[in-house]
Amino acid sequence: MVKIYAPASIGNVSVGFDVLGAAVSPVDGSLLGDCVSVEAASQFSLVNEGRFVSKLPHDPKENIVYQCWERFCEAIGKNVPVAMKLEKNMPIGSGLGSSACSVVAALVAMNEFCNKPLSETELLTLMGEMEGRISGSVHYDNVAPCFLGGLQLMLEENGIISQGVPGFDDWLWVMAYPGIKVSTAEARAILPAQYRKEECIAHGRNLAGFIHACHTQQPLLAAKLMRDVIAEPYRTKLLPGFADARKAAQDIGALACGISGSGPTLFAVCDKGETAQRMADWLSQHYLQNDEGFVHICRLDTAGARKLG
Ligand SMILES: Nc1ncnc2c1ncn2[C@@H]1O[C@H](COP(=O)(O)OP(=O)(O)O)[C@@H](O)[C@H]1O
Ligand SMILES: N[C@@H](CCOP(=O)(O)O)C(=O)O
(Lines give C-alpha, C1' and ligand atoms only; values in the text may rest on other atoms or scores of the structure.)
(Ligands and ions follow the chains in the order given, each with its own letter.)
Protein backbone atom coordinates (compact mmCIF):
# COMPACT_ATOMS: atom_id res chain seq x y z
CA MET A 1 0.00 0.00 0.00
CA VAL A 2 1.19 3.51 -0.82
CA LYS A 3 -0.18 6.58 0.97
CA ILE A 4 0.74 10.08 -0.23
CA TYR A 5 0.12 13.39 1.49
CA ALA A 6 0.03 16.54 -0.66
CA PRO A 7 0.12 19.93 1.14
CA ALA A 8 -1.95 23.09 0.70
CA SER A 9 -0.53 25.81 -1.52
CA ILE A 10 -0.79 29.56 -2.09
CA GLY A 11 -1.23 30.26 -5.80
CA ASN A 12 0.20 33.58 -7.12
CA VAL A 13 1.70 34.65 -3.72
CA SER A 14 0.22 38.05 -4.74
CA VAL A 15 3.08 39.02 -7.01
CA GLY A 16 3.26 36.18 -9.56
CA PHE A 17 -0.12 35.53 -11.11
CA ASP A 18 -0.09 31.93 -12.41
CA VAL A 19 3.73 31.77 -12.18
CA LEU A 20 4.53 31.73 -8.46
CA GLY A 21 3.26 29.39 -5.76
CA ALA A 22 4.15 28.30 -2.25
CA ALA A 23 3.44 25.08 -0.36
CA VAL A 24 2.57 25.57 3.31
CA SER A 25 2.07 23.41 6.39
CA PRO A 26 0.88 24.39 9.89
CA VAL A 27 3.59 24.97 12.50
CA ASP A 28 1.64 22.87 15.01
CA GLY A 29 2.46 19.75 12.99
CA SER A 30 -1.10 19.14 11.79
CA LEU A 31 -1.55 18.13 8.16
CA LEU A 32 -3.30 20.66 5.91
CA GLY A 33 -3.68 18.73 2.67
CA ASP A 34 -5.25 15.67 1.03
CA CYS A 35 -4.05 12.08 1.26
CA VAL A 36 -4.47 9.41 -1.40
CA SER A 37 -3.70 5.75 -0.82
CA VAL A 38 -3.43 3.05 -3.43
CA GLU A 39 -3.35 -0.72 -3.07
CA ALA A 40 -3.51 -3.68 -5.40
CA ALA A 41 -7.01 -4.90 -6.34
CA SER A 42 -8.70 -6.99 -8.99
CA GLN A 43 -10.71 -3.99 -10.23
CA PHE A 44 -10.66 -0.21 -9.82
CA SER A 45 -12.47 1.36 -6.87
CA LEU A 46 -12.38 4.77 -5.18
CA VAL A 47 -13.50 5.48 -1.63
CA ASN A 48 -13.76 9.07 -0.33
CA GLU A 49 -13.34 10.06 3.32
CA GLY A 50 -12.33 13.17 5.27
CA ARG A 51 -13.80 16.39 6.63
CA PHE A 52 -14.83 17.80 3.22
CA VAL A 53 -15.99 14.55 1.59
CA SER A 54 -19.58 15.82 1.31
CA LYS A 55 -18.42 18.66 -0.99
CA LEU A 56 -17.01 16.32 -3.65
CA PRO A 57 -18.95 15.90 -6.92
CA HIS A 58 -21.71 13.28 -6.63
CA ASP A 59 -20.69 11.51 -9.84
CA PRO A 60 -17.56 9.48 -8.94
CA LYS A 61 -16.23 9.98 -12.49
CA GLU A 62 -16.17 13.73 -11.89
CA ASN A 63 -13.83 13.25 -8.95
CA ILE A 64 -10.46 14.43 -10.20
CA VAL A 65 -8.81 11.48 -8.46
CA TYR A 66 -10.69 9.07 -10.72
CA GLN A 67 -9.67 11.15 -13.73
CA CYS A 68 -6.03 11.11 -12.59
CA TRP A 69 -6.09 7.32 -12.35
CA GLU A 70 -7.60 7.04 -15.84
CA ARG A 71 -5.10 9.54 -17.32
CA PHE A 72 -2.14 7.92 -15.57
CA CYS A 73 -3.06 4.49 -17.01
CA GLU A 74 -3.34 6.07 -20.46
CA ALA A 75 0.07 7.77 -20.04
CA ILE A 76 1.83 4.52 -19.14
CA GLY A 77 -0.20 2.51 -21.67
CA LYS A 78 -1.44 0.01 -19.12
CA ASN A 79 -4.68 -0.50 -17.17
CA VAL A 80 -3.70 -0.74 -13.49
CA PRO A 81 -6.58 -2.01 -11.32
CA VAL A 82 -6.23 -0.50 -7.84
CA ALA A 83 -8.27 0.33 -4.76
CA MET A 84 -7.85 4.07 -4.14
CA LYS A 85 -8.82 6.06 -1.07
CA LEU A 86 -9.05 9.87 -1.01
CA GLU A 87 -8.95 11.66 2.34
CA LYS A 88 -10.50 14.99 1.37
CA ASN A 89 -9.21 17.22 4.14
CA MET A 90 -9.10 20.38 2.04
CA PRO A 91 -12.14 22.59 1.53
CA ILE A 92 -13.11 22.88 -2.15
CA GLY A 93 -13.03 26.28 -3.84
CA SER A 94 -10.96 27.62 -0.97
CA GLY A 95 -7.90 29.13 -2.64
CA LEU A 96 -5.72 26.59 -0.91
CA GLY A 97 -5.13 24.50 -4.01
CA SER A 98 -7.66 21.85 -3.00
CA SER A 99 -7.96 20.27 -6.45
CA ALA A 100 -4.15 20.40 -6.80
CA CYS A 101 -3.80 18.46 -3.52
CA SER A 102 -6.01 15.68 -4.88
CA VAL A 103 -4.30 15.68 -8.29
CA VAL A 104 -0.78 15.62 -6.87
CA ALA A 105 -1.52 13.00 -4.21
CA ALA A 106 -3.30 10.76 -6.74
CA LEU A 107 -0.62 10.92 -9.45
CA VAL A 108 2.32 10.57 -7.05
CA ALA A 109 0.60 7.62 -5.35
CA MET A 110 -0.02 5.88 -8.69
CA ASN A 111 3.55 6.55 -9.85
CA GLU A 112 5.00 5.18 -6.59
CA PHE A 113 2.70 2.15 -6.71
CA CYS A 114 3.85 1.36 -10.27
CA ASN A 115 7.56 1.81 -9.40
CA LYS A 116 7.94 5.27 -10.92
CA PRO A 117 7.38 4.82 -14.66
CA LEU A 118 6.99 8.61 -15.10
CA SER A 119 9.74 11.18 -14.53
CA GLU A 120 9.22 14.25 -12.32
CA THR A 121 8.67 16.45 -15.40
CA GLU A 122 6.24 13.99 -17.00
CA LEU A 123 4.29 13.85 -13.74
CA LEU A 124 4.22 17.64 -13.38
CA THR A 125 3.01 17.99 -16.98
CA LEU A 126 0.13 15.61 -16.22
CA MET A 127 -0.64 17.48 -13.00
CA GLY A 128 -0.91 20.78 -14.91
CA GLU A 129 -3.19 19.14 -17.47
CA MET A 130 -5.51 17.76 -14.77
CA GLU A 131 -5.61 21.10 -12.92
CA GLY A 132 -6.43 22.76 -16.26
CA ARG A 133 -9.48 20.51 -16.66
CA ILE A 134 -10.88 21.97 -13.46
CA SER A 135 -10.01 25.64 -13.64
CA GLY A 136 -10.39 26.08 -17.39
CA SER A 137 -6.72 26.69 -18.21
CA VAL A 138 -3.41 25.06 -17.33
CA HIS A 139 -1.65 26.80 -14.45
CA TYR A 140 1.10 25.15 -12.43
CA ASP A 141 1.27 27.54 -9.48
CA ASN A 142 -0.59 25.14 -7.17
CA VAL A 143 0.48 21.74 -8.45
CA ALA A 144 4.20 22.60 -8.68
CA PRO A 145 4.70 23.72 -5.04
CA CYS A 146 2.32 21.05 -3.79
CA PHE A 147 4.41 18.40 -5.61
CA LEU A 148 7.93 19.82 -5.22
CA GLY A 149 7.57 21.90 -2.02
CA GLY A 150 8.70 25.43 -1.07
CA LEU A 151 8.35 28.54 -3.21
CA GLN A 152 8.22 27.64 -6.90
CA LEU A 153 8.57 29.83 -10.00
CA MET A 154 7.07 28.57 -13.25
CA LEU A 155 9.51 28.80 -16.13
CA GLU A 156 8.01 26.50 -18.78
CA GLU A 157 11.12 26.83 -20.92
CA ASN A 158 14.01 24.53 -21.90
CA GLY A 159 12.08 21.51 -20.64
CA ILE A 160 11.87 23.03 -17.15
CA ILE A 161 8.36 23.62 -15.83
CA SER A 162 9.20 25.00 -12.40
CA GLN A 163 12.21 25.81 -10.25
CA GLY A 164 12.53 26.54 -6.55
CA VAL A 165 13.17 30.07 -5.24
CA PRO A 166 14.76 30.54 -1.78
CA GLY A 167 12.22 31.62 0.83
CA PHE A 168 12.76 33.35 4.19
CA ASP A 169 13.23 30.98 7.10
CA ASP A 170 11.58 33.19 9.70
CA TRP A 171 8.44 33.97 7.69
CA LEU A 172 5.19 32.73 9.14
CA TRP A 173 2.23 32.51 6.78
CA VAL A 174 -1.08 33.07 8.57
CA MET A 175 -3.77 31.38 6.47
CA ALA A 176 -7.45 32.20 7.03
CA TYR A 177 -10.13 30.25 5.18
CA PRO A 178 -13.49 31.96 5.86
CA GLY A 179 -15.64 28.89 5.11
CA ILE A 180 -17.27 30.09 1.89
CA LYS A 181 -16.60 28.89 -1.66
CA VAL A 182 -15.12 30.81 -4.57
CA SER A 183 -14.85 28.89 -7.83
CA THR A 184 -11.39 29.24 -9.40
CA ALA A 185 -12.88 29.04 -12.90
CA GLU A 186 -15.29 31.90 -12.10
CA ALA A 187 -12.59 33.98 -10.37
CA ARG A 188 -10.48 33.60 -13.52
CA ALA A 189 -13.35 34.51 -15.82
CA ILE A 190 -13.83 37.95 -14.20
CA LEU A 191 -10.25 39.08 -14.91
CA PRO A 192 -9.68 41.50 -17.78
CA ALA A 193 -8.46 40.10 -21.11
CA GLN A 194 -5.97 42.95 -21.42
CA TYR A 195 -4.02 45.21 -19.06
CA ARG A 196 -2.73 48.76 -19.37
CA LYS A 197 0.96 49.42 -20.04
CA GLU A 198 1.41 50.93 -16.51
CA GLU A 199 0.04 47.72 -14.96
CA CYS A 200 2.36 45.57 -17.07
CA ILE A 201 5.35 47.64 -15.97
CA ALA A 202 4.33 47.51 -12.29
CA HIS A 203 3.77 43.75 -12.51
CA GLY A 204 7.16 43.15 -14.14
CA ARG A 205 8.95 45.33 -11.59
CA ASN A 206 7.21 43.72 -8.61
CA LEU A 207 7.80 40.14 -9.71
CA ALA A 208 11.39 40.64 -10.88
CA GLY A 209 12.14 42.60 -7.69
CA PHE A 210 10.55 39.95 -5.48
CA ILE A 211 12.57 37.12 -7.06
CA HIS A 212 15.74 39.24 -6.81
CA ALA A 213 15.00 39.99 -3.13
CA CYS A 214 14.52 36.26 -2.44
CA HIS A 215 17.84 35.35 -4.05
CA THR A 216 19.65 38.15 -2.23
CA GLN A 217 17.75 37.42 1.02
CA GLN A 218 16.24 40.88 1.52
CA PRO A 219 12.98 40.01 3.34
CA LEU A 220 11.65 43.55 3.79
CA LEU A 221 12.15 44.37 0.13
CA ALA A 222 10.52 41.08 -0.89
CA ALA A 223 7.50 41.73 1.35
CA LYS A 224 7.11 45.32 0.05
CA LEU A 225 7.01 44.04 -3.52
CA MET A 226 4.29 41.44 -2.82
CA ARG A 227 1.68 43.52 -4.66
CA ASP A 228 -0.96 42.15 -6.97
CA VAL A 229 -2.00 44.39 -9.85
CA ILE A 230 -3.38 41.53 -11.94
CA ALA A 231 -6.05 39.76 -9.88
CA GLU A 232 -6.60 41.34 -6.45
CA PRO A 233 -8.21 44.58 -7.70
CA TYR A 234 -10.89 42.53 -9.50
CA ARG A 235 -11.33 39.67 -7.05
CA THR A 236 -11.76 41.53 -3.76
CA LYS A 237 -15.46 41.97 -4.55
CA LEU A 238 -15.81 38.18 -4.19
CA LEU A 239 -14.25 38.28 -0.71
CA PRO A 240 -16.38 39.71 2.10
CA GLY A 241 -14.22 41.48 4.69
CA PHE A 242 -11.00 41.36 2.67
CA ALA A 243 -10.38 45.14 2.70
CA ASP A 244 -10.82 45.29 6.51
CA ALA A 245 -8.51 42.31 6.96
CA ARG A 246 -5.84 43.91 4.81
CA LYS A 247 -6.04 47.08 6.90
CA ALA A 248 -5.87 45.04 10.13
CA ALA A 249 -2.80 43.19 8.81
CA GLN A 250 -1.05 46.52 8.32
CA ASP A 251 -2.05 47.77 11.80
CA ILE A 252 -0.97 44.53 13.47
CA GLY A 253 2.42 44.60 11.75
CA ALA A 254 2.21 41.86 9.11
CA LEU A 255 4.83 42.30 6.40
CA ALA A 256 2.41 41.48 3.59
CA CYS A 257 -1.14 40.33 3.04
CA GLY A 258 -2.94 38.97 -0.02
CA ILE A 259 -5.41 36.54 -1.56
CA SER A 260 -4.33 32.92 -1.56
CA GLY A 261 -4.90 31.65 -5.11
CA SER A 262 -8.32 32.83 -6.24
CA GLY A 263 -9.56 33.12 -2.64
CA PRO A 264 -11.46 33.26 -0.39
CA THR A 265 -8.48 32.23 1.77
CA LEU A 266 -6.33 35.18 2.77
CA PHE A 267 -2.69 34.99 3.79
CA ALA A 268 -0.63 37.35 5.93
CA VAL A 269 3.15 37.13 6.25
CA CYS A 270 4.66 37.84 9.68
CA ASP A 271 8.25 37.56 10.84
CA LYS A 272 7.51 37.18 14.57
CA GLY A 273 5.49 34.51 16.35
CA GLU A 274 3.71 37.08 18.49
CA THR A 275 2.58 39.14 15.47
CA ALA A 276 1.44 35.98 13.69
CA GLN A 277 -0.63 34.98 16.73
CA ARG A 278 -2.27 38.43 16.93
CA MET A 279 -3.01 38.25 13.21
CA ALA A 280 -4.46 34.75 13.58
CA ASP A 281 -6.65 35.88 16.49
CA TRP A 282 -7.94 38.89 14.54
CA LEU A 283 -8.72 36.78 11.48
CA SER A 284 -10.46 34.11 13.59
CA GLN A 285 -12.70 36.77 15.11
CA HIS A 286 -13.38 38.89 12.03
CA TYR A 287 -12.66 37.07 8.76
CA LEU A 288 -14.34 33.70 9.31
CA GLN A 289 -17.94 33.53 8.07
CA ASN A 290 -19.08 30.19 9.50
CA ASP A 291 -17.86 27.18 11.47
CA GLU A 292 -16.26 25.54 8.42
CA GLY A 293 -13.66 28.30 8.41
CA PHE A 294 -10.25 27.99 10.06
CA VAL A 295 -7.00 29.82 10.66
CA HIS A 296 -3.55 28.20 10.66
CA ILE A 297 -0.12 29.67 11.28
CA CYS A 298 2.10 27.98 8.70
CA ARG A 299 5.63 27.82 7.37
CA LEU A 300 6.74 27.00 3.85
CA ASP A 301 6.44 23.25 3.36
CA THR A 302 9.75 22.52 1.72
CA ALA A 303 9.11 18.79 1.35
CA GLY A 304 6.03 18.88 -0.92
CA ALA A 305 4.16 15.63 -1.64
CA ARG A 306 5.42 12.78 0.50
CA LYS A 307 4.84 9.20 1.49
CA LEU A 308 3.04 8.64 4.78
CA GLY A 309 2.82 4.89 4.53
N1 LIG B 1 -10.90 15.55 -5.48
C2 LIG B 1 -11.32 16.79 -5.72
N3 LIG B 1 -10.92 17.79 -4.93
C4 LIG B 1 -11.33 19.07 -5.15
N5 LIG B 1 -12.16 19.44 -6.14
C6 LIG B 1 -12.60 18.46 -6.97
C7 LIG B 1 -12.19 17.11 -6.78
N8 LIG B 1 -12.74 16.38 -7.77
C9 LIG B 1 -13.47 17.22 -8.52
N10 LIG B 1 -13.41 18.48 -8.03
C11 LIG B 1 -14.12 19.65 -8.59
O12 LIG B 1 -13.15 20.59 -8.98
C13 LIG B 1 -13.59 21.90 -8.72
C14 LIG B 1 -12.57 22.54 -7.81
O15 LIG B 1 -12.89 23.87 -7.70
P16 LIG B 1 -11.81 24.99 -7.55
O17 LIG B 1 -12.57 26.25 -7.45
O18 LIG B 1 -10.77 24.86 -8.61
O19 LIG B 1 -11.22 24.58 -6.13
P20 LIG B 1 -9.79 24.77 -5.54
O21 LIG B 1 -9.42 26.18 -5.92
O22 LIG B 1 -10.00 24.65 -4.09
O23 LIG B 1 -8.93 23.76 -6.15
C24 LIG B 1 -14.96 21.79 -8.08
O25 LIG B 1 -15.93 21.97 -9.08
C26 LIG B 1 -14.99 20.36 -7.57
O27 LIG B 1 -16.29 19.80 -7.55
N1 LIG C 1 -3.18 31.24 -10.35
C2 LIG C 1 -4.49 30.70 -10.04
C3 LIG C 1 -4.45 30.05 -8.69
C4 LIG C 1 -5.76 29.42 -8.26
O5 LIG C 1 -5.59 28.84 -6.99
P6 LIG C 1 -6.81 28.10 -6.25
O7 LIG C 1 -6.22 27.58 -4.98
O8 LIG C 1 -7.85 29.16 -6.02
O9 LIG C 1 -7.27 27.03 -7.17
C10 LIG C 1 -5.51 31.84 -10.05
O11 LIG C 1 -5.26 32.83 -9.38
O12 LIG C 1 -6.52 31.72 -10.74
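Note that the numbering runs from 1 along the sequence shown for the chain. Each ligand, and each atom within it, is numbered from 1 in the order the structure gives.
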> Checking the N or O distance criterion of under 3.5 Å, is ligand 2 in contact with E131?
no
> May I ask you to list the atoms of ligand 1 that are less than 4.0 angstrom from any heavy atom of K88?
3 (N), 4 (C)
> Give the atom numbers and elements of ligand 2 that come within less than 4.0 Å of a heavy atom of G97.
7 (O)
> Is there any N or O on I64 that sits under 3.5 Å from an N or O of ligand 1?
yes
> So for ligand 2, is S99 a polar contact partner (N or O within less than 3.5 Å, distance only)?
no
> Regarding R188 and S135, is there a side-chain donor-to-acceptor distance under 3.5 Å anywhere?
no
> Starting from atom 25 (O) of ligand 1, locate the nearest protein heavy atom and write down its residue, its atom name and how far away it is, to 0.1 Å.
K181 NZ, 4.5 Å
> For ligand 2, which part of R235 has a heavy atom less than 4.0 Å away: the side chain, the backbone, both, or neither?
side chain
> Any idea which atoms of ligand 1 are less than 4.0 Å away from a heavy-atom of S183?
17 (O)
> What about T184: any of its N or O atoms under 3.5 Å from an N or O on ligand 2?
yes
> Tell me, which protein residue and heavy-atom name are nearest atom 6 (C) of ligand 1, and how many Å apart are they?
I134 CD1, 4.3 Å
> Which is closest to atom 1 (N) of ligand 1 in terms of heavy atoms, S102, C101, A185, S99?
S102
